[in-house]
Amino acid sequence: MARQFHLYNSLSRETETVEPLHDGHLQFYSCGPTVYSYAHIGNFRSFLTADLIFRTAKSIGWEVTYATNITDVGHLTDDDLTGTTGEDRMVQALQSKEGERFANIWDLARYYTLVLQEDWRSLNLLEPTVRPRASEHMREQIKAIEQLLKSGHAYETSNTIYFSVPSFPAYGRLSGNEAAEDLEQGVRDVVHDPEKQDPRDFALWKKDDSHLMQWHSPWGWGFPGWHLECSVMAQTYLGDEIDIHAGGEDLIFPHHECEIAQTECLTGKTFARKWVHTRFLQVEGKKMSKSAGNFYTVRDLVLPESEGGRGIDPLAVRMTLLSGHYRKPFNFTFETLKTNVRHRQRFDDVVALAESGLENGENGQNELSGSLTALFERTLSAMLDDLNTPEALAATFEATKLVLKHEHLSKDSAASVIRWLDNTNDLLGIVYPHAPLKTESGDESFAAEVDALVAARTQAREADDFTRADELRDELTSLGVEVMDTPDGPKWKRRSTLS
RNA sequence: GGUGACGUGGCCGAGUGGCUAGGCAAGGGUCUGCAAAACCCUGUACGACGGUUCGAAUCCGUCCGUCACCUCCA
């Protein structure tokens, strides 16, 4: 049965059915990060939306070509200023304290790209079909500029090649910034380049032979404008006309507006049929910022405490992000995170129960198959309905509850549970960790110490010496370990730093 | 100044005209040497004021409040 996938399109401001241009094959582009620092949880909220589009489309049998870029070319913090050093985010990063350990700017880009991919995997984001780098598509960008110059959509000044916004009447449709005066109002405080023909015009190329990242072009040494790379890479890997283009809400203007202008002037076709924008994440009700002290990278949360993190299960972080709808501002709080640490543990409990059922269960009735199928159907329908993750999660909570009501599972029931877990994991990525947490150094000796204490406690309990047993429990607690007495003997785990 | 959102019980959050969303937290209970986990029970909310309607959290209007973007940003 053909399923319909509905998504809200920021361009039309309506929820629409996704209908791939090529039957059953989705062409999807999502704007990736500039690799000048560690990516934070807000960045990952956007990447997660892209991941969910990818997973949901695949779950209804579509083939998906999913491209997301790495921006490893510095971009000016201000389009109108000439590119002196210190105005470029990557250059700034290199010149900062943290930048001192890098040999050069390329080294810095390489490092943060690797880290990004590690974080990406830890949050169980699927690998995109292709992850192009801006620096590796300079030839295509230069070619695009030449074409735009030739067709009259761009012009050259003494230090810049500008895109001519008046040459593209549809400019402003995506963001609603259609009136030139409004934009002028917005840029009134910014330094103007007197050679600029229209205040809305934006740079395609900056001539600058002193910049740390520069390439040779028909206009001398320099570097490309920020918006061009995505236009060119999307075109290279997905074609002139793509199905969905996604990114954070801040990219609506100017980035995506400018991408549309460039690409449509180049191809004469509709660039992206749908635009999907993820709203910003806030932390504890405020905009995340380093100065407010509420700025979190993925690693701040996920790395073990011994390595400066908080030792939180990355999938709990993922579930936390999933607990809000992508089109609403999301308030990330530690209370919500704590809740989701528990939800995650319940999935582990379900996995354990199912595995034990497969191994030791009897050949009995399958009492779960029907309910789990129905609940998964609810999850899938929710995702197909504009990625309604809160609703999708609600259905999985009902399912875990249903399963955990049973102390033991028959072989057949266990098999159904495993099937449900697999399906849920394929769609939401919250069941099986992709990359295990890094083990703490000295982990083994720590485990041995805990095991010894637990064994001593078991002895005390068997001797009915409960005073001693409680003392040992207290001792374990102070080590950050919690002991649980189960029918299969005592088990222990590290207490979450949040509890 | 321009543009676009959002306001549901202690908290998160679904729900676009009538039927208990779900979860977390809380209280009570079962289980346990004590715990933990798990399970069971309890809790009736929709910013304000008008309007439409037999009936509105849901549609319309006004107001109040919160937030985001306007060439650094996911």
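What you see is a predicted model, and the numbers here were worked out from it, not measured in a lab. Residue numbers begin at 1 in each chain, while the letters A, B, ... track the order of the sequences.
Proximity of Tyr36(A) to Leu94(A): side-chain heavy atoms (C-beta onward) are nowhere separated by under 4.5 Å.
Using a 4.0 Å cut-off between a side-chain N of Lys or Arg and a carboxylate O of Asp or Glu, Arg344(A) and Asp313(A) qualify as a salt bridge.
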Legend entry - Letter per nucleotide, 5' to 3', of nucleotides 16-23 of chain B [B base touched, S only sugar-phosphate touched, - untouched; heavy atoms, 4.0 Å]: -----BSS
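Within the nucleic acid shown, Ile252(A) has no heavy atom closer than 4.0 Å to any nucleic acid atom. At the heavy-atom level, Gly42(A) lies under 4.0 Å from base atoms of the strands shown. Within the nucleic acid shown, Thr278(A) has no heavy atom closer than 4.0 Å to any nucleic acid atom.
Checking Leu48(A), Thr297(A), Val283(A) one by one against Ile41(A), the side chain to side chain contact (heavy atoms under 4.5 Å, CB included) holds for a single residue, Val283(A).
Under the stacking definition used here (centres under 5.5 Å, planes under 30°), the residue Phe280(A) qualifies as stacked on the base of A74(B).
Taking the C1' atoms as reference points, U32(B) lies 14 Å from C39(B), given to the whole Å. Here the separation of U66(B) from A45(B), taken at their P atoms, is 26 Å to the nearest Å. Separation of the P atoms belonging to C12(B) and G47(B) is 14 Å when rounded to the nearest angstrom.
Checking A36(B), A74(B), C39(B) against every side-chain atom of His40(A), the shortest atom distance belongs to A74(B). Which of A14(B), G33(B), G4(B) sits closest to the side chain of Arg461(A) comes down to G33(B). For Asp485(A), whose side chain is taken as the heavy atoms from C-beta onward, the closest listed nucleotide among A5(B), C73(B), A35(B) is A35(B).
If you check distances only, the side chain of Arg457(A) does reach the base of G33(B) with a donor-acceptor pair under 3.5 Å. Put simply, the side chain of Asp464(A) and the base of G33(B) share no donor and acceptor less than 3.5 Å apart. With hydrogens and angles left out, the side chain of Arg473(A) and the base of A35(B) share a donor-acceptor pair within 3.5 Å. Taking only distance into account, the side chain of Asn43(A) never meets the base of C73(B) through a donor-acceptor pair shorter than 3.5 Å.
Using a distance-only test at 3.5 Å, with no hydrogens or angles considered, a donor-acceptor pair links the side chain of Lys207(A) to the main chain of Thr157(A). Proximity of a side-chain donor or acceptor of Arg131(A) to a complementary backbone N or O of Ala67(A) within less than 3.5 Å is not detected. Side chain of Glu284(A) to backbone of Thr333(A): no donor-acceptor contact under 3.5 angstrom is found. Looking at Ser167(A), its side chain does come within 3.5 Å of a backbone N or O of Ser164(A) through a donor-acceptor pair. Judged by distance alone, with hydrogens and angles left aside, the side-chain atoms of Glu398(A) form no donor-acceptor pair with the main-chain N or O of Ala395(A) at under 3.5 Å. Ser410(A) places a side-chain N or O within donor-acceptor distance of the main-chain N or O of Ser413(A), the cut-off being under 3.5 Å.
Nucleotides of RNA chain B nearest to Phe44(A) and Phe466(A) differ in position, and the one nearer the 5' end is that of Phe466(A). Both Arg346(A) and Arg342(A) sit near RNA chain B, but only Arg342(A) has its closest nucleotide nearer the 5' end.
Distance, Leu337(A) CG to C12(B) P: 15 Å, rounded to whole Å. For the pair Gln282(A) CD and A74(B) P, the interatomic distance rounds to 17 Å; values are reported in whole Å. The distance between atom CG of Leu125(A) and atom P of A74(B), rounded to the nearest whole Å, is 16 Å. Rounded to whole Å, the distance from OH on Tyr326(A) to C1' on C6(B) is 15 Å.
Under the 3.5 Å distance criterion, with hydrogens and angles disregarded, a donor-acceptor pair is assigned to the side chains of Glu16(A) and Ser12(A).
Distances shorter than 4.0 Å separate none of the side-chain N or O atoms of Lys328(A) from OP1 or OP2 on G4(B).
In RNA chain B, runs of at least 3 stacked Watson-Crick or G-U pairs (N1-N3 plus N6-O4 or O6-N4, or N1-O2 plus O6-N3, all under 3.5 Å) give these stems: B:1-7 with B:64-70, B:10-12 with B:22-24, B:26-30 with B:38-42, B:47-51 with B:59-63.
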